[in-house]
Each structure stands twice: as structure tokens, then as C-alpha cells.
S.K.: 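Before I ask anything, let me first share the structure, which is written out below as C-alpha cells.
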Amino acid sequence: MATDLPRYEVTVNLQPYGLLTDTQLSGTVAARYTFDQPVNGTVEIQVTESLQHTTRIQQRNCNYQPPSVKTSFKITGEAKFSIPINDITTVFKLRNYLNLKVTAIVTEHTTGIRINGSSDITYHSEQYEVEFLDITPGVFKPGLRYTASVKVSTPDGRPPTDPNTHLSVYTRVMYKMTVPDNRLYDVDVFTGNYPLPPVNASLPADGIVHVDIDIPSNASSIGIKVVSKGSIQHSGTVNGNGQKEFTFLLQVTPSMAPTAHLLVYYIRGANDVIADSLAFVVGGAFNNKVSLSFSANQSQPRDEVQLTVTADPDSHVFVTAVDQSVLLLKSSNDVTTKQIHSELSTALKEAAPSSPEFALSESTIHTAEMFQVSVTLKSCPNFKLVKFTDNRSEYLEADFTVTTIQVGSNQQGVTYFPILASVAGALDLDVSAKSSMAADAVRGQVNVKLEGAPITVNQPVYISLNSTVPVFKSLNITFPTTVVAGSKKTRATFTVSQVSQMNIGTFTGESDEHWHFHRLTALVSRLLHESRDFMQVPETYLQGAVSWLVDRQNEDGSFKEFSTVQDEAIQGSGPVLTSHVLLSFVENTEWALDQQLTENAKLLTQATLKARTYLEKTVEMDVLVDPYTLAVVSYALAMSNSSASTLALNKLLTYAKREGGLLYWRADSSDEEQQEHPPRWRPVHKQARSADVIITSYAVLTFVALGRLEEAVPAVTWLTSQRNPQGGFVSTQDTTVGLQALSEFATLSLRPDTSVSVTVDDTQSIRRFNITRDNALTLQTQELNDSPSNVMIKATGTGIALVEVSNSFHVEEELTSPSFDVTVVLLEDELDRIKMMVCTKLLSQRSAGLVVQEVGIPSGFQPDLTAVDNVAGLVKTEVKGNFLNVYLDEISVSSVCYTLKMFREAKVARSQKYYVKTYDYYEPVNQATVFYHPKAIRESKICDVCPGCCP
């Protein structure tokens, strides 16, 4: 059978590893014909979890479609892409050692041929990994110094590049002491432990720290053996003349390649052998030096090309010539140098005491030669090189640059290339080094950050198609006039029947006086009950939680909370807490019956009846006067099959807001708390408050529980319109309830014949998507025109789909009326060090519960988290991407201040303005943004931060 050979190759280049603090997944797709010409077409990027993360049942199911994130764009030979981590976490749980597969499918423009390439990336929680090398002895001699070899590396195995990285080693000693006379004790052997003083060390270039062994003074000679390939290559003795440290010469031969082991030992006394070993790499695994070259790099068909081969006399040379397309099939049986080295290393793996790559610096092979190395930075249209005149005046140059440095044996050479970026994002840097003996090249990335504070406006569109009539939706896109140049971005996101797909935060609480114990216990017992299908939940947990609640029920069936709720808008009253407990009773009564726990079921049934009766009386007496209480009570009564649930829901509907075919509710304080935007810019879509989302979510849950799905559609449409770009809503609480409401609605309204076709027109181009049940778990994204004034959406077919259009930008001034008074004072303003004090207070007389501050980190700096003041109310701090999160337990009209230190870790000059954004965790609409710009880094020049860059 004939096989069509691939016409071109697709490669995906990603960063060597990812960190959980990353904000983007960036990479490059290259598509080139076998004759080295660029391919014109489109690229579809698919991000999925690697096969090892899927279950065996999923792998055996031919129709299984793994969850994925997709985006597409045009390509001409090579194209960059960048996927926000927020899109990744919408589909996958970002965790340590998560391995993602990025597949690029390139469709050739002229023929429609599709060829793909892929690459993997693994995410890590820490920037550096620390491990003991195999050369570290597994035993020690009491009384003698012990040598530990510690390797510090990045997750991809490279030594750290930051020269300021330090290593601290902490040691604890365990001992056993025997008492000769145990008449005073019950035992004669005592054990314990104690710490040794910590050892602090600076990391060398190879990332390995050694603690030297003191050779005992009574050693007169040392035996030496060098082992390679399982046999002794050299042996002998060296006279140490009583010295603790000395140097000796070792002849290295090709037979030792590729890895040799040096064993050093001496004999103390009659039978006591003291030994140590290390490994080192030996080049020259091939005695016969073979090379080949063509007379021309390119030629025309039928042209003659000369092939020159050099080798030792009497060598047998075998030459194979194949089309490059054949090699793209990845089925070659060629024997390569890399393959030979790999086989040799595998054969020696059990005998190797250390990793050869990191043992090189420990080799006893020395040379006094100085190497002259030419280092070249390849030119790129995304940046220009900064050059200097003799008087250090700066000028720009677009061409590549070459610099020559002198590097000594076993030493590290450093050179600098000052650049000025013209675009933001990940810039590819291609650097090559060449000497008379060797050459190498590497591609790295530099992340160029935009100045100012980021802002994102999201416009979700809920589409429900039940007939052949298409749905049209026009969205207006606006930007403020003060937007930072180059920061505008507009994108579209598509999902089908996944109105409940979003990110969920975690429940947090660091202060006991703010925990509402009854409500929390009721909520956790419900969550544990619902989690039984996915995890093992001990029965004692559920029994204990429910019993604790039953014991605290009042005679009238109600429950009373003795602590406060942080969000004042949803504090509610006794009926609210009773409703939460009733929901827990209803779900766990079914569980108790299933488990044949008759006595437990009886107690729960009685408690459930008392709680339901109490709520029914509050509805009949018409004492519930706020929408939040009515919403929660309506849902609890509906779930407990109470006929009063309809009456409660009807009363709730009297408080509803109806606008443009939408149905929603507002908390009593919503109108007076809502902040207005200054006249200079008003977003087209304004997100509701957290309390409004919670009330509307409980109303949807009640509609679903009563089977009134059609009446729920306007409220579901409003809920989906309040989603943020990450898939959630405003805060943790409303996202949790909103997820439940949309999930239960989607479960009952999902159509098996879902087939939706969507087109998005941004006035410059049209994107088309076909959405079916097969790709329901796929999050599809498309980058639109950077700043369209209008986006037209057209949908046809049957089923439910969600289209979101979000536009993001950066600003260097406040756009909203502030809710907080935030002051930033620079206590130390130095070139390599910043110390600042941040003071915060509320502008209104009320108090805010949990408050979060995002402190933008200047380019080239890192905060010192250990130096943050431990002030009252400061809960925790964490670095997340380009900013520092500071959590404050409570803010009032009295100022709360803390100090923060930052230190330079990279050479960046003329840093731009940075921000401090403060917002109420439960109501982020209450916020304030201020900016700071330290003078020392604002006025810094390249020669100030990088003296080695200048003449």
C-alpha cells in the first residue's frame, strides 16, 4: 500500500517547564516544508492532559473526548501563541506535576492538508528543586567529617541562573546513649536528637554544593582506582605526605568514555577501609573521527552535489540518502551518536554513583588554556539592541550583535546584551556561542510586562436555540481614552451546555470569631454527602456533624447563630440558618436510610419536620421581608417537599427585577452601595454584586426543584451574564451557589441533539464554530481584532451554548470611585532595594470583612515575604504572577499599615509605574487602585543596573 509522505513538518516549542504562579502558557508553532520553505495556513492549538492522567476506562473508550482548551490563528512559517492560565484552570486543576500536552494542527491554505505536532509541559510548585547526589555517602564514621553533595536545579535540570541564590542546610542528629549503671533508671539505653548549626552557602555555577571531608592525619597513603564500563582502567597509589588535601594527575584515555568513576580509599588499621567515589564525563567515545559535508547547502533538481567524507584509514563507510519527508514519519532505524551514548549510559547506570552532567565539575581533568568565545544574539523584529558611544550615550540598532569574551578552564563567562522590547509578552531570544573547539546555541524567553493595572470586562451571552430561527446578538466594545498603548486585547470564548463550567475558590477562615459554626457545619455535611460518589467519606464524619446540629436545635425547630457573617448583605436571620440546616437534614436522611441506620434516620426525620414546620410558619405569618431570606427559605422548603415553597417563591417574585427579558434580584443595600464610574469611561457591561448573584441563584434552584424550568430561563440568562472571564462570578460564596444552580438547571435542560453553529464578526474577520455534544468539554477561544467597536454574534441550530466576549487593557489611573483610602509611602527608594509602607482604611462608616490587596511587583524585583510586618489583621501573603497578594482580615475607618521590602533580581532599567489594588473579597465592586513609581528605578539607566553592559 502506498503511503503519502508528509510535505511539511510541524513543531511546537514550549518553555522547558511551568510554574503554578505562571499567568500564561506561551509557545511557538513552526511549520516548514521539507525543502525549508514556510507553510501558509491556520493553526489549531489543543491543550489536553497527557495520557497518564486519564483512566483506563477512558483510554479504552474510542468515543471518549478528553477535556481540552482550544484556540486558533494564522501562520506563515512560524507563529507565537499565548493562552491565559485562567483558561487552563477553567478546564484542568492546576497542580504540582500536572503534565499538559499541547498539540498544534496546521492546515495548509492551498490544499487543506492537516499535519500536527505536539510537545509536553509539566507544572511545578517550586522554582528550584533540591536533591542529594548519588555520590553522597550512605554511611558515616562517628568522629569524622561527613561530605554531602547537594544539587540545586530548575525543574528541567539546569543549574540556577540567579547569582544571588543561596542554599541553607539544616541537620539533625539522632543519638543512642547506653548507661552502664541503670540502678537509677528504668532503662539502660536512651535515644534523642538535637540540631546542628545550619550551613549557609552560595551556589556555584553548576548548582552543586559540597562539604569537604578532612582526611585523618594518620593516613600515609591513599589508594586510587578508576572504573569505567565495569572494568578497572587505572589503579595506583599517591603519597599524601600527611596532608589533608592535595592534587594528583590522572591520565584519561578514550576507553574511559563516556563516564568513568574515580574511587579513592585508604586502609586504617588492619581491616578498616575508608573510601569515597565520584563520576566524571569523558569525551571521545568514538576513536574514529568521522565527518561529512556537502559541497552546497541548497541545489536545484538534477544538479550534482559532492559529498565529502573523512575518517581513519581503512574505515568502512556506509552512506544512506533519503527524502526529508521520510524522516518525518519518525520510523527511522538510523544509528545516531546520541543513541550510542544513551545505550552506554544505560549500561552503566547501576554502577554510576552520580549524574555525569553534574559531576563534570568534579573531574580531575584540568587545563590551563583560555578560550576565546564569540557570543551572538540573533536579531528579532520584536526588540532592538541598545548600543553605546564612548561617552555612554545610548542608540538603537536592529541588526544582530556579536561580542567576544575570554573564558578560562572550568570557569563561567558572562556577557550582556541590552535590548529594548517593542511588544509585550514572551520574547524569544536566540543566543549562540562559538570557539575554536566547540559551538552551541540556546533559545530562551524574556517576559515583557505591561505597565499599569490590568482591567478585564466580560460580556457573556447565553444562547438557547429551540427552532430554526437564528439568534443574533450585538455587543458594543469600549475602551477608556487613557489605556496603555499596546495593552488592548479582545477574545471570544465558546462552550456548549456548560453554563456551569467555572472556577471554584476554597473556603477560608483564619479567625474564629468570624466563623458561623452552625452554617459551616451544615454546609460541610452537605458537601461530604455529595462527595461520596467521588471519594471515601467516613460514616463517623457525617454522623458526628448531623448529631451535633440536632443537639443544638431549639424547641420551635429553629437554629440560632452566635457569631457573625462577614458579608453583611447576606447575614440573614434565624430562618436563613434554619434553612441551611434543613437542607443538610434532607440530604443526610436519605443517606441514613440507605445505610440502614434506622435510629439516625428517625432522629433526622423528627428534626427535619420541626425545622420545616418552623419555616412554614414564618412564610404564613408574612414576617420575611428581605429577598435573601425569602430565596433561601423557598429553596429549603422546596427540597423538603413542603407545599409552602410555592407561597414563598411567589412572595420572592414580588421583589424581582425585570429588565430586557431578564429576571434577577437585588439585596436591600445594593442600590445604595453601588459605585458609579466617572464620566470619562463607563463599561458597557457592569457586574452585579455578590449578594444579588446569591439571591438569584437560590431562586433558580427553587424553580428547578419545583420543576418550573421555563420560568427559570430568564434568571439563568441573567446569571450567565454575570460570569467573569475566569468562569466564576464575584467571590467564592456566590460562585459556589451559582455553580450549583447552573449545574442543576443544565442537567435537566440538556438536549441530546445539541448542534449549534456560531459565527463571530468583529468587523474585520469572521470566526465560525460548530458546537456539538462531542466537544461539550472543550473550551474554545479565538483572539479577535484588538479593539473592535462592535462584535456581532449569530447562532443557529438546536441546544444551549454560551459565548463570552471579553476585552482587557491596562490603565495608569483610577477609573472608579474608590471605596478605600490607600496610601503608599516609599521608606527606602534605592536602585536595588525598595521598602514601602502601605496604609489602608475605609471611606465609609461600615466595615469590610476580608480585604485583598494586589501589589504590583516592579520588573526585575522580588518581594521578601519574610520581611512583611506581622501587624494585627494581616492574614497571609503570597506571590501570584506579577503581583503580591496581601490578605487583611478586616478594614474599618481606622488605618491598617504594613511594610514591604523588595530586592532586585534582574537587570531592568527605566521601570514603569506600578499599582496597588484593594478590594473587598466578598464584594470586589468595592475597590480602589493607587499607583507608585520609585524615583531610583524610574530614572535608572542601563549602565546603572548593569555596569557590565557599558564600555
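All of these numbers come straight from a predicted model, not from anything done at the bench. We number each residue from 1, following the sequence as shown.
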S.K.: Please assess Leu888 against Val875 for the test side-chain contact (heavy atoms from CB on, under 4.5 Å), listing each intermediate value before the final yes or no.
M.R.: CA-CA 6 Å; Leu888 302 171; Val875 178; over 6 Å; no
S.K.: Using a strict 4.0 Å threshold on nitrogen-to-oxygen distance, state whether Asp430 and Arg443 make a salt bridge.
M.R.: yes
S.K.: Does one side chain, of Asn807 or Thr490, offer a donor that lies under 3.5 Å from an acceptor on the other?
M.R.: no
S.K.: Under a 3.5 Å distance rule, please check whether Arg689 uses its side chain to pair with a backbone N or O of Ala691 as donor and acceptor.
M.R.: no
S.K.: Does a side-chain heavy-atom distance below 4.5 Å link Val448 with Phe383?
M.R.: no
S.K.: Would you check if the side chain of Asp920 reaches a backbone N or O of Pro924 as a donor-acceptor pair within less than 3.5 Å?
M.R.: no
S.K.: So, Arg723 side chain and Phe729 main chain: donor-acceptor pair closer than 3.5 Å or not?
M.R.: no
S.K.: Does a side-chain N-to-carboxylate-O contact under 4.0 Å join Glu812 and Lys913?
M.R.: no
S.K.: What I want to check is whether the side chains of Ser153 and Glu129 have a donor and an acceptor closer together than 3.5 Å.
M.R.: no
S.K.: Output the distance between atom CE (Met837) and atom OH (Tyr898), rounded to the nearest 0.5 Å.
M.R.: 11.5 Å
S.K.: Within a strict 4.5 Å, meaning less than it, do heavy atoms of the Arg904 and Ile937 side chains meet?
M.R.: yes
S.K.: In Å and rounded to the nearest 0.5 Å, what is the CD1 to CD distance from Ile834 to Glu828?
M.R.: 10.5 Å
S.K.: If you measure from CD1 on Ile891 to CG on Leu843, what distance do you get to the nearest 0.5 Å?
M.R.: 11.5 Å
S.K.: When you measure from the side chain of Asp87 to the backbone N and O of Leu779, does any donor-acceptor pair fall under 3.5 Å?
M.R.: no
S.K.: Do Leu831 and Ser940 come close enough that some side-chain heavy atom pair is under 4.5 Å?
M.R.: yes
S.K.: Using the rule given for side-chain hydrogen bond (donor to acceptor under 3.5 Å, both in side chains), can you reason through Gln722 versus Thr720, listing the C-alpha separation, both sets of side-chain angles and the distance that settles it, and then say yes or no?
M.R.: CA-CA 5 Å; Gln722 303 305 316; Thr720 56; over 6 Å; no
S.K.: Do side-chain atoms of Asp829 reach the backbone of Lys935 as a donor and acceptor pair under 3.5 angstrom?
M.R.: yes
S.K.: For Arg666 and Asp692, which heavy atoms make the closest approach, and how far apart are they?
M.R.: CA-OD1, 3.2 Å
S.K.: Under 3.5 Å, is there a donor-acceptor pair linking the side chains of Ser731 and Asp734?
M.R.: yes
S.K.: Under 3.5 Å, side chain of Gln912 to main-chain N/O of Arg910, donor-acceptor pair present?
M.R.: yes
S.K.: How about Thr929 and Gln927: does a side-chain donor come under 3.5 Å of a side-chain acceptor?
M.R.: yes
S.K.: Cation-pi check, Lys488 to Phe809: give yes when NZ or CZ is under 6.0 Å from the six-membered ring centre and within 45° of the ring axis, no otherwise.
M.R.: no
S.K.: When you check the side-chain N and O atoms of Gln853 and Thr840, is any donor under 3.5 Å from an acceptor?
M.R.: yes
S.K.: Is it true that Asn885 and Thr877 share a donor-acceptor pair across their side chains at a distance under 3.5 Å?
M.R.: no
S.K.: Is there a donor-acceptor pair closer than 3.5 Å between any side-chain N or O of Ser487 and the backbone N or O of His810?
M.R.: yes
S.K.: If we only count heavy atoms from C-beta on, is the Leu884 to Glu854 side-chain gap below 4.5 Å?
M.R.: no
S.K.: Could you tell me the separation between the OG atom of Ser808 and the NZ atom of Lys489, rounded to the nearest 0.5 Å?
M.R.: 6.0 Å
S.K.: Assess the side chains of Asn790 and Asn476: does a donor N or O sit below 3.5 Å from an acceptor N or O?
M.R.: yes
S.K.: With a 4.5 Å heavy-atom cut-off, do Val457 and Ser806 have their side chains touching?
M.R.: no
S.K.: Checking side-chain polar atoms at under 3.5 Å, does Glu783 have a donor or acceptor matched by the opposite partner on Thr781?
M.R.: no
S.K.: Decide yes or no for Leu842 and Glu890: does some side-chain heavy atom of the first lie under 4.5 Å from some side-chain heavy atom of the second?
M.R.: no
S.K.: Would a distance-only check, ignoring hydrogens and angles, find a side-chain to backbone donor-acceptor pair under 3.5 Å from His933 to Ser911?
M.R.: yes
S.K.: Please determine whether side-chain contact (heavy atoms from CB on, under 4.5 Å) holds for the pair Tyr919 and Asn926, giving the CA-CA distance in whole Å, both sets of side-chain angles, and the decisive distance to 0.1 Å.
M.R.: CA-CA 6 Å; Tyr919 61 91; Asn926 299 326; over 6 Å; no
S.K.: Tell me whether Asp762 contacts the main-chain N or O of Asn785 through its side chain, where contact means a donor paired with an acceptor under 3.5 Å.
M.R.: yes
S.K.: Relative to the ring of Tyr932, is the ring of Tyr914 parallel (under 30°), tilted (30 to 60°) or perpendicular (over 60°)?
M.R.: tilted
S.K.: Should Asp22 and Lys880 count as an ion pair when the cut-off is N to O under 4.0 Å?
M.R.: no
S.K.: So do Val838 and Thr918 actually touch side chain to side chain, heavy atoms under 4.5 Å?
M.R.: no
S.K.: For Thr89 and Lys93, indicate whether the former's side chain and the latter's backbone hold a donor-acceptor pair under 3.5 Å.
M.R.: no
S.K.: Would you mind reporting whether Val879 and Leu865 have side-chain heavy atoms less than 4.5 Å apart?
M.R.: yes
S.K.: Could you check whether atom NZ of Lys387 has more than 12 heavy atoms from other residues, nucleotides or ligands sitting under 6.0 Å from it?
M.R.: yes
S.K.: Using a 6.0 Å cut-off, check whether atom NZ of Lys384 has over 12 heavy atoms from anything other than its own residue.
M.R.: no
S.K.: Under 2.5 Å between the SG atoms of Cys943 and Cys946?
M.R.: no
